[in-house]
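Remember, it's a predicted structure, so these values are computed and weren't measured experimentally. Just so it is clear, the values below take in all heavy atoms, side chains as well, and ignore hydrogens, waters and symmetry mates.
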Number of protein chains: 2
Amino acid sequence: MNGDVELPENVALAWGLRDRPSRGPKRSLSLDQVVAAGIQIAQAEGLTAVSMSRVASELGVATMSLYRYVPTKHDLLDLMVDTAFGPPPHPRGADEGWRPALARWGEGNVAALRRQPWMRHVPISGPPINPNQVRWLEYGLVALRGTGLRASERISTIMLVSGYARSWATLTADIVEAAARTGQTPEQVGLRYWQHLAVLTAPGPYPAIHELLGEGEEYDDDVDLEWRFGLDRILDGVAAMIDARAAASSQ
Amino acid sequence: MNGDVELPENVALAWGLRDRPSRGPKRSLSLDQVVAAGIQIAQAEGLTAVSMSRVASELGVATMSLYRYVPTKHDLLDLMVDTAFGPPPHPRGADEGWRPALARWGEGNVAALRRQPWMRHVPISGPPINPNQVRWLEYGLVALRGTGLRASERISTIMLVSGYARSWATLTADIVEAAARTGQTPEQVGLRYWQHLAVLTAPGPYPAIHELLGEGEEYDDDVDLEWRFGLDRILDGVAAMIDARAAASSQ
DNA sequence: CCTAATCTGCGTATGGCATACGCTTATCTG
DNA sequence: CAGATAAGCGTATGCCATACGCAGATTAGG
């Protein structure tokens with residue numbers, strides 16, 4: 001019943017569905033070791049330090065040996081992301097509403113990206129198909145159970161939250177990294193940005209930006225408050241739809 | 001008054017603020033020509049085809065000559081994105097509400113990314129600072145004028161919409177590209193995904209995913225409807241806050 | 001008008017990178 | 001024990017960004 005759909009090589013690999021051959025020498029490594037070595041390098045020295053030869057030397061094998069474990073470097077990166085993301089936070093509790101559950105799910109996304117910032121540089125290769133990604137999907141859907149949202153709407157809502165988490169984590173991590181590079185604090189980097197914007201827009205017709213800069217409120221920003229702001233807007237919007245549906249169907 | 005803030009080299013470059021030296025030979029190219037050549041290659045053959053030597057040969061110059069125009073390849077990519085994104089759609093009209101204006105602004109983001117899909121592969125290098133990026137920022141802020149939102153809230157709202165536009169455009173473009181690569185239609189690629197998901201989750205505890213697959217509603221999806229769904233949730237959430245503020249202050 | 005300063009284009013070289021190919025050797029099946 | 005198969009990996013190919021420095025063009029200042 002399952003057999004009539006062929007899984008792509010990289011997917012089968014991620015799910016551990018490759019049947020081991022019985023002939024030939026034993027492998028001296030496991031796929032997990034290769035993936036772990038990649039993650040360790042990425043975490044310690046950044047994604048740019050992850051090359052096939054670097055991973056191989058970390059494991060004490062020759063570069064080309066890795067290709068017995070992984071079809072391409074990109075597949076390795078996908079596996080690294082799936083492993084480093086890890087499993088989602090615990091699922092919606094029995095008496096937990098959809099909203100706190102989905103909020104926790106979103107926070108979990110941000111937390112994972114903050115723990116392993118290199119992941120934001122691995123380009124998304126498609127819809128979630130690897131084991132942990134699917135677990136995240138499952139828990140996200142669990143959070144939206146019983147809300148009256150249709151299938152495609154539940155998917156869209158999850159995409160909305162995870163996309164926001166990713167873009168927000170990316171922006172803040174970029175600032176932290178720029179600060180580290182230039183020996184400044186992240187606050188200084190933020191301040192610089194507004195100063196540059198002020199200089200550049202001074203001669204031109206940018207009334208709304210000048211208004212913004214004039215309010216002088218943008219420096220004392222707590223980043224977590226900003227994250228919550230966007231998340232709460234999304235959740236408010238979803239809540240409005242769920243409530244409207246519930247009202248319409250009970251009437 | 002402006003002079004006490006030094007602009008980084010790449011920013012000055014993007015804004016055309018480099019004072020031309022008077023000594024030395026005339027340049028045979030302009031920065032715009034270099035950027036245009038890069039865009040043309042990216043559009044025709046994808047971002048991976050854009051190398052310094054490829055751009056140079058397109059222009060009939062030697063590779064190293066480009067470095068007289070651009071400090072690094074990454075700066076070139078940033079300039080390419082800023083130029084290819086182009087200016088934002090026309091700003092909020094005098095009698096236009098914030099909501100349609102912000103919706104148009106979001107649609108404009110998606111439209112730009114769909115016109116030049118290679119842009120999604122250029123990693124975001126920081127907050128928007130290049131000329132067109134700043135124009136987009138300005139118009140986004142104009143859309144939110146008079147809503148009662150604070151400065152940091154206006155920024156967060158704009159980030160929310162542009163982040164969503166980017167992640168949505170990325171996902172759909174990935175599917176279109178995967179389809180082109182395998183000679184399938186995008187619909188077939190989507191169908192395959194759900195089939196793979198069904199096979200992989202069949203043995204495991206994925207009740208919410210099975211529920212989703214069981215609804216059988218996910219195949220006939222109109223992508224633009226899905227985009228609108230997420231956008232409307234965001235806008236509803238923002239509207240809720242704006243209305244609550246207005247009610248509180250008029251009371 | 002000349003000389004010194006300065007800039008342009010670019011040839012060359014360095015030190016990477018992913019990965020195709022094919023060989024040797026270890027291991028298992030029948 | 002023979003044949004099949006797979007593992008590890010040496011070698012080679014064809015990319016890549018970019019550091020460095022030189023030759024020739026152009027101009028400013030005397």
Side-chain angles (χ1 to χ4, degrees), chain A residues 9-10 12-13 16-35 37-38 41-42 45-80 118 121-123 125 181, chain B residues 9-10 12-13 16-35 37-38 41-42 45-80 118 121-123 125 181:
Chain A
E9 170 69 8
N10 51 347
L13 209 64
L17 298 178
R18 271 223 317 214
D19 42 346
R20 339 289 185 70
S22 50
R23 285 214 255 253
K26 305 272 190 232
R27 310 191 125 189
S28 62
L29 263 40
S30 70
L31 179 56
D32 287 347
Q33 277 178 281
V34 175
V35 171
I41 296 166
E45 302 166 47
L47 191 65
T48 57
V50 178
S51 70
M52 295 304 269
S53 61
R54 183 78 175 69
V55 173
S57 79
E58 202 75 12
L59 291 164
V61 300
T63 305
M64 291 310 293
S65 304
L66 297 183
Y67 288 96
R68 295 282 176 195
Y69 297 83
V70 140
T72 70
K73 181 187 178 180
H74 206 94
D75 293 311
L76 173 57
L77 293 179
D78 281 347
L79 292 171
M80 284 167 55
W118 55 268
H121 292 128
V122 180
S125 61
R181 232 189 349 260
Chain B
E9 171 70 8
N10 51 347
L13 210 63
L17 298 178
R18 272 219 321 209
D19 42 347
R20 338 287 184 71
S22 51
R23 284 214 255 253
K26 306 272 189 231
R27 311 191 123 189
S28 62
L29 263 41
S30 70
L31 179 56
D32 287 347
Q33 276 178 282
V34 175
V35 171
I41 296 167
E45 301 166 48
L47 191 66
T48 56
V50 178
S51 70
M52 294 304 269
S53 61
R54 183 79 175 68
V55 173
S57 79
E58 202 75 11
L59 292 164
V61 300
T63 305
M64 289 311 292
S65 304
L66 297 184
Y67 288 95
R68 294 283 176 200
Y69 296 84
V70 140
T72 70
K73 181 187 179 181
H74 206 94
D75 293 311
L76 172 57
L77 293 179
D78 281 346
L79 292 171
M80 284 166 55
W118 55 268
H121 292 128
V122 179
S125 60
R181 232 190 350 261

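Atom CD1 of Ile41(B) and atom OG of Ser51(B) lie 7.5 Å apart (nearest 0.5 Å). Here Glu9(A) contributes atom CD and Leu13(A) contributes atom CG; the two are 5.5 Å apart, rounded to the nearest 0.5 Å.
In this structure, Arg68(A) contributes its side chain and Arg27(A) its backbone to no donor-acceptor pair below 3.5 Å. Using modelled atom types, one side-chain atom of Tyr69(B) and one backbone atom of Leu29(B) make a donor-acceptor pair closer than 3.5 Å.
For Arg27(A), counting side-chain heavy atoms from C-beta on, the closest listed nucleotide (dG9(C), dA7(D), dC9(D)) is dA7(D). The side chain of Pro21(B) approaches dC7(C) more closely than any other nucleotide in the set dC7(C), dC9(D), dC17(C).
Remark: Ser65(B) is in phosphate contact with dC10(C), judged by side-chain N or O atoms under 4.0 Å from OP1 or OP2.
One atom, CG of Leu77(A), and another, C1' of dC17(C), lie 13 Å apart when rounded to the nearest Å. The separation between Arg54(A) atom CZ and dG15(C) atom P is 18 Å, rounded to whole Å. A straight line from OH of Tyr69(A) to C1' of dT19(C) spans 18 Å, rounded to a whole angstrom. Remark: P of dC17(C) and CG of Leu47(A) are 13 Å apart, rounded to the nearest angstrom. If you take CG of Leu66(B) and C1' of dC10(C), they are 11 Å apart, rounded to a whole angstrom. Rounded to an integer number of Å, the gap from CG of Leu59(B) to P of dC10(C) is 11 Å.
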Per-nucleotide protein contact string for nucleotides 18-26 of chain D (B base, S sugar-phosphate only, - none; heavy atom under 4.0 Å) | BBBB--BBB

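With respect to Leu77(B), the side chain to side chain contact (heavy atoms under 4.5 Å, CB included) criterion is satisfied by exactly one of Val70(B), Thr72(B), Val35(B), Leu47(B): Leu47(B).
For the residue pair Met52(B) and Tyr67(B), the shortest heavy atom distance occurs at CG-OH, 3.5 Å.
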